[in-house]
Amino acid sequence: MEISKTYESGKAEEKWYAHWMEKGYFKSVPDDREPYTVVIPPPNVTGVLHMGHMLNNTIQDVLVRRARMLGKNACWVPGTDHASIATEAKVVQKLRQEGIKKSDLTRDEFLKHAFEWKDKHGGIILEQLKKLGASCDWDRTNFTMDPEYSESVIDVFIDLFKKGKVYRGVRMVNWDPEALTALSDEEVIHKEVNSKLFYVRYKIAGSEDQWLTIATTRPETILGDTAICINPNDERFKNLHGKQAIVPIANRTIPIILDDYVDMEFGTGCLKVTPAHDTNDYELGKKHGIETIDIFHDNGTLNAHGMHYDGMDRFEVRKAIEKELYDKGYLVKTEDHINKIGFSERTNAVIEPKLSLQWFVDMKELSQPALDNVMNGNIRFHPEKFKNTYRHWMENIKDWCISRQLWWGHRIPAWYFGSGADEFVVSKTLEEAVKLATEKSGRAISADELRQDEDVLDTWFSSWLWPISVFNGLTDPGNKEITYYYPTNDLVTAPEIMFFWVARMIIAGYEYMDELPFKNVYYTGIVRDKLGRKMSKSLGNSPDPLDLITQYGADGVRMGILISSPAGNDLPFDSSQCEQGRNFTNKIWNAYRLVSSWEAKDIEQPKSSVVAIDWFESKFNKALLEINDLFDKFRISEALMAIYKLVWDDFCSWYLEMIKPGYEQPIDHKTLESTKNFFEQILKLMHPYMPFVSEELWHLIRERKEGEDIIVAAWPTVSVINEELLSQFEIAEEVITNIRNVRKQNNIASKVKMELLVKKNGELNTGFDAVIVKMGNLSLLEYRSEKVGNANSFLVRSNEYFIPFGEAVDLEAEQNKLQEELDYTKGFLVSVQKKLQNEKFMAGAPDQVVAMERKKEADALEKIAILEEKIGALKV
RNA sequence: GCUCGUUUAGCUCAGUUGGUUAGAGCAAUUGAUUUACAUUCAAUAGGCCGUAGGUUCGAGUCCUACAAUGAGCACCA
């Protein structure tokens, strides 16, 4: 059968993914094996696959596939989260295009549209993961708004309410005027922007022409001013103590208050106080009992307090009021100013601090075990440096605003029976609410009188239960699955969501399972383009992952992503890395073509093959030991590099060349059999990274019975490592490299056979001679007791090698080469001798180190003697 | 502003408790090729280990300061 010259990824990928699915290899059910559990960081239902997902999920798949081969019961749970704000925005936008306004729909009608949208688009990303080869147990696919999952979210809300950890209160929240909802602090991104500082003068009440000047970045909030604040120690303004000022335009008289919060250095030293629209002003207002005037509608336009600006957008008003202030002589000057402004993570709208009644989680006590167990190493972070960031956040944790003024999500199970702040109950069902409300109010309350809270919960308030609720650990506590799979093993995620998600999962884990949710957290970096910019849809600098897969094959892309992706560091991505990956799949494919072309006959096994097999066995085992260790340390990309070198350099470039029979010559049975065994072993090591090509070749290299697939083959175990043999090979390798150099320097074609004569000065094992003859294409390898004249020569570990000159030879070049080596060795000797002559070194260094230096000295001296002799000989 | 990282070859990174004159992959350069693979092979070159001090017999590694850079947190209108 003619085998294609290159590996054809597309066909193999389709075939083997279907095969794995059909055989149910991704499926996991509890049994008596050790479980290995990973829960996917659930992507948004609105999302499409991007490079960040590719990186993240490739790593998870590598871990899961290796665990499966290690004989563990591997379970990778996939799923999506409902992404309240993003999804609701998408659905609203889609409806708008169809001419439907959200405000014209009832809640139920809207949710019907939203679920339709979710069913149609919500699974796209999971389908795309299949193309990558992700070995998730798809039967376990979860969604944060699945009925049972939702139940657990509501239960947790009620439970925390009962424990007094969830409360309702008026607070200054981050208001997103576009999404019309409150946000948690974590959802606000502060960015530096160029703005203006407006200097505005306020008349002192009761004076004819006395003024004070404030500086503000937000002149539109002047209409909401209810005080002016100055520092009591500010000598400049002693005359203002006890006075009042008149707000421009509004003509309202407001008090001048004293507080050392005011920085005398900044601006003018006079601060206007707008308690409704600034967090610090709010605190000041509370402290001094100042009136609060809210001048904004929820959508960021001004309300009736905005007077003639009623209905106009806040940024329009800023421009208009600047003009009005100027025209009326209030505006003293404006200055350019850089400050930081909060933006909504989801809608990018400028956040408006706003007073409102919201639900909060009291985090202080809840978070304590989550902090302790990361710091003491019960939960391990990779890389460890993220522990610092984590600790910093956890030690300064604030209460979590969990209500969102949206419809898409888990509706808050609070029921109101009056307008008083305390006239509500929290319960799972309406019936229960009726009962509780009746008890609480002391009067009979009917179902009709109860209004359920309109708001839904923050999406993270559901995803923090992910490792528990995907196994129904809360709705069906102690069930077989949660007992078996929880705690999960490894979580792979981005550092960006350490607080949003990781910290909160740990909190929920300890609160509800009394145990950690996962043992290891592996933080991936950000995927960046060549210019170092984060890859993003808005920049358009991200390649389409599916195009990459078509172009380079899933295996090639997987390798391209992982080859330069150390944990926690950013991944500077370039598609040339995928090219390297594709080349690697092709390399192993062609190695197979070579092996498959050999015909085995009953012939004697060459000596070179015997030694090659012994050597590779040790080499393989040594590499395996290292690779296992790298995996244990989560050094995923270094493990890949070690596998890459083992396969390409050691197996293909050295081993196969050593045992390769002559052109169209047969091979002996023993060598072929060993080679096929080695081939199987390296395919196994490759499998977690390159599942498709390894499965394809696994089936080509030998006939397989039903169920003998590499995906479930046993990961190799470490056996013999003959260090002595490995170091002998290193000598042989050096000899062969030297022979190649002689050829190159003298322009001797590699097919021309040469002679090699050796003068043995020290210990030399001849075990690899047959290999040297073969790899060096020698006609002769002989030992001599005397130097050989008229020859190219080189030195390996104090033994001298001679290749007799065939014809013309560059004597000068030969001499230069020797001189260079001599200079280096002399320099080396000096540095060693310096140490040995240093009394302090001799006194301070351990014996072992001194002995090593002595040996170095002796070796260098011997080498120098030989080199000098050789140079002398050449000159004659 | 505070906290924590990072800084080693053109690029991306290793470099263990301080102990050979610092390594890898990619890129570069030179050469090879009717024999598994030009998606190949062989070889070569490339480093004041961010800067300045200090500790030590000995520092890429430990300490101090500074610089550059990144992340997190907090923000002054």
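Chain letters run A, B, ... following the sequence lines, proteins first and then strands; every chain starts at 1. Heavy-atom basis, side chains included; hydrogens, waters and symmetry copies ignored.
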Practice item. Please assess H382(A) against V521(A) for the test side chain to side chain contact (heavy atoms under 4.5 Å, CB included), listing each intermediate value before the final yes or no. Key: CA-CA 6 Å; H382(A) 305 272; V521(A) 184; over 6 Å; no
Check your understanding: If you look at every strand shown and take non-hydrogen atoms under 4.0 Å, does N741(A) touch a base, only sugar-phosphate, or nothing?
Key -> sugar-phosphate
Exercise for review: Taking atom C1' in both rG1(B) and rC75(B), compute the distance separating them and give it to the nearest angstrom.
Suggested key: 8 Å
Revision key, fill the gap. Smallest heavy-atom separation, K774(A) atom then I659(A) atom, equals NZ-C, 3.6 Å
Review point. Does the side chain to side chain contact (heavy atoms under 4.5 Å, CB included) test come out yes or no for K660(A) and W598(A), once each step is laid out?
Key: CA-CA 9 Å; K660(A) 188 168 155 183; W598(A) 293 335; 4.1 Å; yes
Review point. Paired with rG60(B): which nucleotide, if any, by Watson-Crick or G-U wobble criteria at under 3.5 Å for both distances?
Key: none
Practice item. Remember a base hit wins even if backbone is also touched, and classify T737(A) as base, sugar-phosphate or nothing at under 4.0 Å, heavy atoms. Key: sugar-phosphate
Review point. Which part of the nucleic acid, if any, lies within contact of R743(A), taking any heavy atom under 4.0 Å across all strands shown: a base, the sugar-phosphate backbone alone, or nothing?
Key: nothing
**Study point:** Euclidean distance for P, rU29(B) against rA65(B) (whole angstrom)
**Key:** 45 Å
Review point. T216(A) near the nucleic acid: base, sugar-phosphate alone, or nothing, with a heavy-atom cut-off under 4.0 Å?
Key: sugar-phosphate
Point to revise | rG23(B) and rA68(B), which share atom name C1', separated by this distance in whole Å | key: 25 Å
Exercise for review: Between rC62(B) and rC49(B), how far apart are the P atoms? Round to whole Å, please.
Suggested key: 16 Å
Study note, to complete from the structure: Nearest heavy-atom approach of F794(A) to V735(A) is CZ-O, 3.9 Å
Practice item. Measure from the side-chain heavy atoms of N590(A) and tell me the nearest of rU40(B), rG5(B), rA36(B). Key: rA36(B)
Practice item. Could you check how far CD of Q745(A) sits from C1' of rA45(B), rounded to whole Å? Key: 14 Å
Check your understanding: Taking the C1' atom of each, how far is rG47(B) from rG10(B), in whole Å?
Key -> 12 Å
Point to revise | Taking every non-hydrogen atom, the tightest pair across Y655(A) and T671(A) | key: OH-O, 4.2 Å
Point to revise | Assigned partner base of rG10(B), Watson-Crick or wobble definition, under 3.5 Å | key: rC26(B)
Point to revise | Span that lies between the P atom of rU17(B) and that of rC11(B), in whole angstrom | key: 28 Å
Check your understanding: Looking only at N and O atoms, is any donor in the side chain of K835(A) or the base of rC57(B) less than 3.5 Å from an acceptor on the other one?
Key -> no
Review point. Given the C1' atoms of rA32(B) and rG15(B), what is the spacing between them in whole Å?
Key: 34 Å
Practice item. Side chain of K587(A) only, please: which of rU34(B), rG72(B), rC41(B) is the nearest? Key: rC41(B)
Point to revise | K744(A) (side chain) and rU44(B) (base): donor-acceptor pair under 3.5 Å | key: no
Check your understanding: Taking the same atom, P, in rU40(B) and in rG25(B), what whole-Å distance lies between them?
Key -> 14 Å
